[in-house]
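Presented below is the structure to which this report refers.
Naming: A, B, ... by sequence-line order, numbering from 1 per chain.
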There are 2 protein chains.
Amino acid sequence: MTQTPPAKPRNASKTAAGARKAGRGPAKTDMAGIAAIDGGADVEQRIYQSVFDGVLNQRLPPGTKLPEPALCSLFGVSRAVVRKVLQRLEHDHIVELRPNRGAVVAAPTPEETRKIFEARRALEAALVELAVQRHSGKDIEELHALLHQEEEAMANAYQPAWAQTARNFHLRVAALGGNPILLAYLTELISRCSLIVALYEPAGNAACEHEEHCDIVDAISKGDAKRAVAAMNAHLVGLEERICLERPSSVKTLAQMLNLA
Amino acid sequence: MTQTPPAKPRNASKTAAGARKAGRGPAKTDMAGIAAIDGGADVEQRIYQSVFDGVLNQRLPPGTKLPEPALCSLFGVSRAVVRKVLQRLEHDHIVELRPNRGAVVAAPTPEETRKIFEARRALEAALVELAVQRHSGKDIEELHALLHQEEEAMANAYQPAWAQTARNFHLRVAALGGNPILLAYLTELISRCSLIVALYEPAGNAACEHEEHCDIVDAISKGDAKRAVAAMNAHLVGLEERICLERPSSVKTLAQMLNLA
DNA sequence: GCTCATAAAATCGTCAACGATTTTTAGAAA
DNA sequence: TTTCTAAAAATCGTTGACGATTTTATGAGC
């Protein structure tokens, strides 16, 4: 389950000095070292990814506390690196950092939800318009390939995988716009939307969404900017309307939620 | 010269334990303690603000190195807090953080510049359209007040002050759109644009820009969305066209550039 | 049994120090 | 003088520890 959150390729050259140090003092939690398989790769990205995936797959419901010491022993790193990752997650609105009170998984309010979708509509409209201007024939082929992937994911009926392909589709369309900055903003917004959808959507409208994706590609391939924008808007409005406001909750350990057990 | 970069109200309750500790060891730079007047207020915001202002006012040209130890002694804090601020500045694209090689003031390439302006046009177009829908009579009054401020700033002919009022105008118009998320993105982009404009614009087109601002307000007040969007676009295109690619450079100390001397 | 005050535990914010990497400087050879 | 090499300095990444704040647990009083 490898998602595609904002990648941070920096820090490619790691010291990895601490990771080699023998015992890092007696760990108090019984699950210490579970994720310390490591080896020296980019630990920050791994932690970010784990939390990100956990949130998107509903293993980490909103309000879940993410204590720094727990993450430290789970990933075998010191608090400084965990803290840095948490800051990045906060900036991406995945978690909320309350001073002196720790980090929790963000819980978007209905009002925020509305604004997030409104912003997303604005950005995707602008990007689709650019995509219509700038796309090539090869791009359309790739979009069709993505649509085919969606059909396969639908057949499997595994929601997280389907959601992933849907995200990919939107991001690929946006990439055709050719503006990395707008694309980065949209990536952020799609993450937040996915978080919300993962929480609230009853799931089961995949076929409907897929149809709408096809419409969008059709309009783009024909160079019909107006229709492409309209189709995208209708799609996003539909997505927002389908969400309802209940949320389940069960009691698990943090390691379980992060899929590290 | 108090700008308005993305405010971070968090960390309102500070420990301020370290700030009271007597001597923090002998400082090597002769300008140590200059900015340590402090008192316990929000230090992070002060550091962010200083660098931000320094960049916008051209005291910190692109490529200027920002060594952590220097900032530490200048502001009388440890590297942890400086490091946190630098991370925030990096995220806002004000500085660039090169692993193991330190932080430098960001130097946008011409290509980046084009993309930044393109993204800004897309966002401001969307926000102006929302503003036309949602503005009230009182909002128009406030915009007129801002336009009046611009005239005063023009009379003084002090470029940074004028740039500040121009920023305020755009942000206020955007605020009328009523979407905090799009507003936050635009705030980021306006900062980056200001950085670029401060660097490259020959300055002297204030009157011209002011006229265009007036046009925009006029269109909004009359509820003419199409004209408002067109006016905003024309304004931004003009702004981009006026920039040219030279840059001055002089040798100063970091304390001088940060206006702490 | 419930409520409130107190103490213990957990957690966070900051700091100083160590090791690693990069940059700069100094010096020898061509 | 220039160029290349090696040592020194500067700078960064990470860690462990200390104090402060918050949260949870405990127990007396009603």
Tell me whether the side-chain N/O atoms of B:K84 come closer than 4.0 Å to OP1 or OP2 in C:dT14. yes
Rounded off to whole Å, could you give me the [atom1]-to-[atom2] distance for the [X] and [N] pair?
{"X": "A:R79", "N": "C:dT14", "atom1": "CZ", "atom2": "C1'", "answer": "9 Å"}
{"X": "A:L86", "N": "C:dC12", "atom1": "CG", "atom2": "C1'", "answer": "11 Å"}
{"X": "A:N100", "N": "C:dC12", "atom1": "CG", "atom2": "C1'", "answer": "5 Å"}
{"X": "A:R101", "N": "C:dG13", "atom1": "CZ", "atom2": "C1'", "answer": "16 Å"}
{"X": "B:L97", "N": "C:dT22", "atom1": "CG", "atom2": "P", "answer": "15 Å"}
{"X": "A:F75", "N": "D:dT14", "atom1": "CZ", "atom2": "P", "answer": "16 Å"}

Terminal axis angle for the helix from C:dG1-D:dC30 to C:dA30-D:dT1, five pairs an end, nearest 10 degrees: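 End axes: 0° apart.
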Qualifying salt bridge (charged side-chain N to carboxylate O under 4.0 Å, His left out) pairs, either residue in residues 168-180 of chain B, two or more places apart: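 Those involving residues 168-180 of chain B are B:E142-B:R172.
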Per B:E68 side chain, nearest of listed nucleotides C:dG13, D:dG13, C:dT22: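 Taking heavy atoms from C-beta onward, the closest nucleotide is D:dG13.
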Nucleotide of C:dT14, D:dT15, C:dG13 approaching A:A80 most closely (side-chain heavy atoms):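 Ranking C:dT14, D:dT15, C:dG13 by closest atom to the A:A80 side chain puts D:dT15 first.
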Not counting sequence neighbours, which residues clear salt bridge (Lys or Arg N to Asp or Glu O under 4.0 Å) with B:R79? List them please.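 Partners of B:R79 by the salt bridge (Lys or Arg N to Asp or Glu O under 4.0 Å) criterion, ordered by chain and then number, come out as B:E68.
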Here's one to test your reading of the geometry: is the NZ or CZ of A:R88 within 45 degrees of the ring axis of A:Y48 and under 6.0 Å from its centre? yes
So which atom in B:L183 and which in B:L171 form the shortest heavy-atom distance, rounded to 0.1 Å? CD1-O, 3.9 Å
